[in-house]
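Because only heavy atoms are used, hydrogens play no part in the values below, and waters and symmetry mates are left out as well, while side chains stay in.
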Amino acid sequence: MNTNSKSIAFDVEKIRKDFPILSRKVNGYPLVYLDNAATSQKPQVVIDALVDYYSNYNANIHRGVHSLSQEATDAYEQAREKIRAHFNIKKTREVIFTAGTTHAINLVASGFRKILQKGDELIVSALEHHSNIVPWQMLCEETGAVLKVLPMNEQGELDLVEYINLLSNKTKLVFVNHISNALGTINPIEEIIEKAHKVGAAVLIDGAQACSHIKPDLQTLNADFYTCSAHKMCGPTGVGILYGKEGWLAKLPPYQGGGEMIKEVTFEKTTYAELPHKFEAGTPNIADGIAFGVALDYLNTIGFDAIANYENQLLEYATEKLLEIEGLKIYGTSAHKTSVISFNIKNIHPYDIGTILDKLGIAVRTGHHCAQPIMDFYNIPGTVRASFAFYNTFHEIDVLVEAIKKAKVMLT
Amino acid sequence: MKIKDIQEEIIEEFAFFEDWMQRYEHMISLGKSLPIIDKANKKDDYLIKGCQSKVWVFPEFKDGKVFFTADSDAIITKGIVALLLRVFSNQTPEDILNADTAFIDEIGLKEHLSPTRANGLVSMIKQLKMYALAYQSQLN
Ligand SMILES: Cc1ncc(COP(=O)(O)O)c(C=O)c1O
């Protein structure tokens with residue numbers, strides 16, 4: 001992420017033309033979309049893929065002998081294969097389609113109900129999204145396992161010294177996000193994974209925020225589970241993946257029962273299908289799965305090095321410009337972060353700023369960003385969060401800065 | 001003054017403004033002028049749930065009328081609260097229960113009425129009416 005060379009040619013105006021929504025107006029102003037950490041916008045190729053599926057080869061998959069069903073099955077399985085290749089996952093059967101990150105985490109948490117015992121310990125980081133906290137709390141309630149919190153510092157970085165102290169042979173699972181959605185911190189997950197494995201604990205990495213910025217190599221990373229959501233990666237809503245090492249996926253019981261996930265059903269006994277279908281009960285989200293594959297192709301055509309390089313320039317420029325505003329404080333100041341800026345202005349509620357920015361056509365997120373523990377850490381009600389994608393421009397940052405200045409005048 | 005008349009008055013007041021900026025500036029100044037709730041009443045019991053910004057509303061019942069004082073930690077929300085109190089405070093429970101809130105739309109603040117919006121204006125109105133209902137049942 002630290003490529004600072006500006007040599008990679010990046011034609012943002014050309015890229016913007018791929019996204020129809022970027023040319024619309026909001027409240028009479030050209031849309032400035034800076035809520036990319038919540039969800040990304042979609043390029044025309046992704047929209048076309050959805051229309052193409054429903055217009056030309058909609059059919060249920062893995063079941064029919066007819067040609068349409070075969071075409072749809074092939075396209076869906078090709079998407080799975082693309083995802084496998086994108087993340088450098090060893091085996092296609094380690095790629096489970098889910099509805100997104102939340103679903104994927106719940107699937108794993110549910111699977112551990114039978115595995116955990118009273119007194120086992122789980123470690124959650126202080127930087128997590130509620131999706132990566134609540135399912136584990138529910139699991140602990142049910143099993144009597146204990147949830148320990150890996151703390152963060154003022155910069156929004158995890159405390160690795162304290163991490164070592166928390167780890168023991170009682171630790172069964174560690175879950176951390178790759179990148180924090182509230183602050184943008186890139187967590188040292190390589191080290192976190194390695195240390196956990198030394199005590200025999202499994203690690204789940206929530207990649208929801210990371211995968212729009214970087215392309216993780218999951219074999220090298222060696223996490224036991226990794227999750228992401230397509231909608232944050234220029235893909236459609238309602239689809240994502242759970243990657244799990246085959247050994248773990250074989251060990252976990254199925255999450256839901258139904259069609260697709262069975263081998264044989266009698267009223268006496270049902271045997272489950274092989275991976276990945278064991279975890280994919282019911283008719284899957286076929287169109288969105290296929291379009292997810294198209295979104296990955298799109299991102300890879302632009303290239304993740306180019307994306308990271310450009311987004312880092314946006315981050316640097318925006319940080320510098322925002323800090324020129326008197327009374328503005330940025331939360332999350334790690335040297336390792338992505339293009340997310342969480343901030344507040346002295347004596348102004350984030351909600352007020354968000355409201356004025358909205359009137360000026362600028363979309364930012366305000367509130368606790370589904371990470372209340374982080375807000376409690378800083379003792380604030382929430383922040384304004386501007387999150388930049390590769391289709392944002394330096395000009396849009398200027399518009400943002402001017403709008404904040406205007407809001408500040410109005411609100412004080 | 002009757003609720004309907006106060007609403008008419010507010011609509012007239014807002015008709016002077018030419019654009020959203022002037023409307024919001026007015027709301028912000030209303031927010032600043034809101035009679036603040038007594039500190040002792042600014043506690044969780046009077047906090048309205050479902051708001052991104054915090055809103056406290058404290059009700060009192062005197063001589064057959066309901067009086068509200070309120071506060072918010074966000075100034076625009078406070079402006080809206082001020083408008084609502086102008087309409088709903090110092091009214092009978094019955095009038096409060098029968099009042100509609102179409103005036104919010106008419107003064108160009110419709111966006112704040114969306115139930116999905118995190119400012120909780122909708123839950124705030126609901127809460128005001130709940131208090132009115134409680135006092136009304138005391139009367140009967
Ligand atoms: C870090 C992180 N984890 C989990 C999620 C939840 O993802 P989804 O809502 O797509 O399931 C998000 C999305 O906001 C996120 O940013």
Side-chain angles (χ1 to χ4, degrees), chain A residues 25-32 35 37-39 130 182 237 327 342-372 374-376 378-385 399 402-412, chain B residues 14 17-34 36-37 42-44 46-56 70-84 104-105 107-124:
Chain A
K25 289 191 165 180
V26 170
N27 294 324
Y29 295 87
L31 167 67
V32 174
D35 195 17
T39 198
H130 296 163
T237 54
S342 241
F343 65 91
N344 272 331
I345 293 176
K346 209 173 166 184
N347 298 328
I348 302 182
H349 197 282
Y351 178 79
D352 287 327
I353 297 180
T355 303
I356 302 291
L357 295 186
D358 172 56
K359 296 303 288 183
L360 292 163
I362 302 170
V364 292
R365 174 91 184 261
T366 65
H368 55 57
H369 318 297
C370 297
Q372 271 177 356
I374 300 180
M375 304 301 130
D376 292 344
Y378 290 116
N379 194 22
I380 49 178
T383 67
V384 183
R385 182 187 68 188
V399 173
E402 283 315 305
I404 294 171
K405 287 182 183 162
K406 199 172 198 168
K408 202 183 148 197
V409 171
M410 284 179 77
L411 293 163
T412 39
Chain B
F14 272 76
F17 303 128
E18 281 159 16
D19 58 14
W20 71 269
M21 276 227 353
Q22 291 181 355
R23 282 200 296 275
Y24 272 72
E25 273 164 355
H26 184 60
M27 296 254 294
I28 290 162
S29 67
L30 287 175
K32 287 176 182 162
S33 71
L34 181 72
I36 302 275
I37 190 170
K42 210 165 144 179
K43 51 186 184 188
D44 283 358
Y46 301 112
L47 193 62
I48 292 177
K49 304 263 173 339
C51 307
Q52 210 180 84
S53 44
K54 286 187 171 166
V55 178
W56 297 264
D71 198 4
S72 171
D73 56 352
I75 193 74
I76 294 173
T77 310
K78 216 167 145 178
I80 299 171
V81 176
L83 279 177
L84 283 181
I104 305 256
D105 188 357
I107 61 178
L109 296 174
K110 187 174 85 187
E111 65 257 34
H112 294 278
L113 270 184
S114 150
T116 54
R117 200 170 169 100
N119 72 5
L121 180 58
V122 172
S123 19
M124 200 153 84

Minimum heavy-atom distance between A:D352 and B:I76, given as atom pair plus value: OD1-N, 2.8 Å
Chain A heavy atoms under 4.5 Å from B:I75: which part of the residue, side chain, backbone, both or neither? both
With rounding to the nearest 0.5 angstrom, report the NE2 to NZ distance, A:H349 to B:K78. 12.0 Å
Could you have a look at A:I348, A:N27, A:I356 and say which one has the most heavy-atom pairs with chain B under 4.5 angstrom? A:I356
Using side-chain heavy atoms (C-beta onward) and a distance below 4.5 Å, is B:W20 in contact with A:L360? yes
Spacing of CE belonging to A:M410 relative to OH belonging to B:Y24, to within rounding of 0.5 Å: 8.5 Å
